[in-house]
Amino acid sequence: MPDELAVYASKPYSYARWVEEDLNGVRQPGATGFHKTPRPEQVDAAKAIATAFRHGKRGFLLADEPGVGKTGSAILGAKAALKLGGGDTVLITVDRPAQITIAAWRDALAAFGDGGYRWLIISPDQLKKLLGRNGQPKYSFSLVINDEAQQFRHLTAQRTQYQRRVNRLAATPEKAPFVITVTATPGHHPGEYTYLSSLFAQLHDDPPGDWADLGKKLVEHGLPLAPGWDKGKWDWNDQAKGSQQLQHQAVTRVRKWMTDCDPPVMMHRDAPWGPPPIDGLPLDFTATQWAAYHQDWSEFRSAMKIARQGNDTARGRAALMRFRQKAGMLRAPQTAELVAAHVERGYQVLVAVELVTTAADPVANLVEEHGIGVSRIFGGGDLETERIRFQRGHSPVVVFNTASSINLQASELMVDGSRASSARRIGFFHQPRYSGIAARQTMGRAHRDGQVCSWSLLFATGTVEEQAARIMISRLMVTSASVDGDLEAFAKLARLFDADWLPESIFE
């Protein structure tokens, strides 16, 4: 290839490389990089995965705490299973943003070695390319790794429908690839573990089709679920919604299906360096802020110079969103001051947001007005370059809305053998999340690989944000309990609110 066209060359393990190799009939070299020595817990996980494969199980759930090393464990486990089974092709599905996550898995394969096997790394947006015109898989992979598998929990989503076909979930185990499911947050309740339906069927000696409607089957087994607001979705029933104890009992029962079988098909390890410390930082609005908060949306938008976008109404669910937008934007100056103060103390600061126009942009702009560099991992642009700027310490602050699959930790070992900056990280949730999955994943972006990153949850008291914070904590408790994770840090945060909805056993 001429030098001037080198930037267009396909990258190792990409879909373009896969097609190129098929057309040319020639395998190309894999990625190379600085070698990483597996940690003992990663070797143990690989052995557990290989054992499940050797005993004919159709999959394995690797649910270690964020930052424990699931990526390396999955790669080692996949190579061990392939060596036992004679296959040679692996599909890895990653989460968004693909610009960062595909590169991260490529670097991991370079670090741990690809074993000479043929690997394909794709984003959920590319899954359709693996299906033929008849909707059936074009390739028969020996093994599949579904990273951040919780993204496939909604049956009506197109990416889920494609994933189920590629994974051949309707087929019997001997006709389907072995699937390593990687996630620390399986779902907000067992009805969302849809990507594990065929594994549950095998554990109960049932045909895969019997568990295709997972929620219905779980109700038959006595779990407190009810049909949700959308087709194919399930939620806690009315009794369970009012009882954290019932929720904990349900997720524990499903978890034990996977951990109590022989051999186990699930593994979870808490972070050896402890859970991420997290506290709450409520803010009282001033009279002026309250007036703006209660202002009509169109007036608020004009006053704050927010561009009108799409169906710009403020009714029903949209009204809740508008109040969240208002609260986040009104608090942006206080968050910027808090961030600036911690930068002065020598920290590199993570600011997690959910909304862009009314949160990410104003916070980033205000921090920059303090003369502090900011990496922006939201919207468009070269997100990996922004990440590297923060990791190298060139930007003391990162504002991001990506909840999973990116590394923002101190002293990260880069693919070239160098290290990220060693400055201590500290994180702030500028906005409470309704999703416990997203919240738990977000904390794992810097609290990983032995590096501690404490977090603070910011919210305006008496606003819709306070209720969102309550829901976030409640769901954090359930997502942690679903994998038998450490609940101590979340229980302490719950005491900031009203802990009556928590079972007393959590505080023992």
Side-chain angles (χ1 to χ4, degrees), residues 7 11-12 31-37 39 66-67 69 71-72 94-112 121 273 276 335-336 338-353 360-361 363-428 430 441-455:
V7 294
K11 291 182 170 58
T32 58
F34 187 81
H35 175 70
K36 287 184 178 179
T37 301
R39 299 195 298 271
T71 299
V94 301
D95 199 2
R96 299 179 180 93
Q99 189 180 98
I100 293 178
T101 54
I102 289 179
W105 273 90
R106 184 186 302 118
D107 290 348
L109 282 169
F112 291 102
I121 311 172
W273 56 97
T335 296
L338 190 63
V339 168
H342 280 81
V343 170
E344 289 180 7
R345 293 165 56 189
Y347 286 97
Q348 281 189 237
V349 184
L350 294 82
V351 183
V353 299
D361 277 334
V363 169
N365 292 339
L366 288 166
V367 171
E368 287 177 338
E369 288 180 10
H370 284 269
I372 299 170
V374 178
S375 285
R376 300 172 182 238
I377 304 182
F378 60 85
D382 188 341
L383 303 183
E384 177 62 6
T385 297
E386 292 290 298
R387 187 188 79 86
I388 295 299
R389 282 180 56 220
F390 176 77
Q391 287 299 81
R392 296 296 190 190
H394 303 316
S395 298
V397 178
V398 61
V399 178
F400 67 108
N401 64 355
T402 299
S404 61
S405 301
I406 65 170
N407 197 332
L408 300 171
Q409 73 174 78
S411 303
E412 174 195 4
L413 179 60
M414 303 294 196
V415 69
D416 62 359
S418 63
R419 293 275 182 179
S421 67
S422 60
R424 187 176 176 185
R425 278 29 171 189
I426 191 168
F428 296 98
H430 175 66
Q441 290 282 354
T442 296
M443 287 186 284
R445 296 316 93 216
H447 187 82
R448 55 193 303 114
D449 295 340
Q451 299 293 329
V452 175
C453 177
S454 60
W455 283 85

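The first residue in the sequence is number 1, and the count goes up from there.
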Any donor-acceptor N/O pair, [X] side chain to [Y] backbone, under 3.5 Å:
X: H35; Y: A111; value: yes
X: R425; Y: A423; value: yes
X: T101; Y: D95; value: yes

Partner set under ring pair (Phe, Tyr, Trp, His ring centres under 6.0 Å) for W105, not counting sequence neighbours: none
Give a yes or no on whether a salt bridge exists between D416 and R392, defined as a side-chain N under 4.0 angstrom from a carboxylate O. yes
Tell me, which pairs form a salt bridge (charged side-chain N to carboxylate O under 4.0 Å, His left out) where one or both residues lie in residues 370-387, sequence neighbours left out? D361-R376, E368-R376, E384-R387, E386-R389, R387-E412
Closest approach of [X] and [Y], non-hydrogen atoms and distance?
X: V353; Y: A360; result: CG2-CB, 3.6 Å
X: A352; Y: W455; result: CB-CZ3, 4.0 Å
X: V415; Y: T32; result: CG2-O, 4.4 Å
X: L366; Y: A336; result: CB-CB, 3.6 Å
X: L383; Y: I377; result: CD2-CA, 4.1 Å
X: A31; Y: P12; result: N-CB, 3.7 Å

Gap separating the [atom1] atom of [X] from the [atom2] atom of [Y], nearest 0.5 angstrom:
X: Q451; Y: W273; atom1: CD; atom2: CH2; answer: 9.0 Å
X: I121; Y: K11; atom1: CD1; atom2: NZ; answer: 12.0 Å
X: L350; Y: H342; atom1: CG; atom2: NE2; answer: 12.5 Å

Close side-chain approach of [X] and [Y], heavy atoms under 4.5 Å:
X: V397; Y: Q348; value: no
X: R445; Y: T402; value: no
X: I426; Y: S454; value: yes

Greater than 12 external heavy atoms within 6.0 Å of R39's CZ: yes
Which residue, I372, V349, L338, forms the side-chain contact (heavy atoms from CB on, under 4.5 Å) with V367?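 Exactly one option meets the side-chain contact (heavy atoms from CB on, under 4.5 Å) with V367, and it is I372.
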Only one of S375, S421, P396 clears side-chain contact (heavy atoms from CB on, under 4.5 Å) with F390; which?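 Among S375, S421, P396, the one that satisfies the side-chain contact (heavy atoms from CB on, under 4.5 Å) with F390 is S375.
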For a side-chain contact (heavy atoms from CB on, under 4.5 Å) check, start with the C-alpha distance between I388 and M414, then their side-chain angles and the critical distance, and finish with the verdict. CA-CA 10 Å; I388 295 299; M414 303 294 196; 4.2 Å; yes
Return each pair, listed once, that meets ring pair (Phe, Tyr, Trp, His ring centres under 6.0 Å) where at least one residue sits in residues 366-389; pairs must be two or more places apart or across chains.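 As it turns out, there is no ring pair (Phe, Tyr, Trp, His ring centres under 6.0 Å) pair with a partner in residues 366-389 once direct neighbours are skipped.
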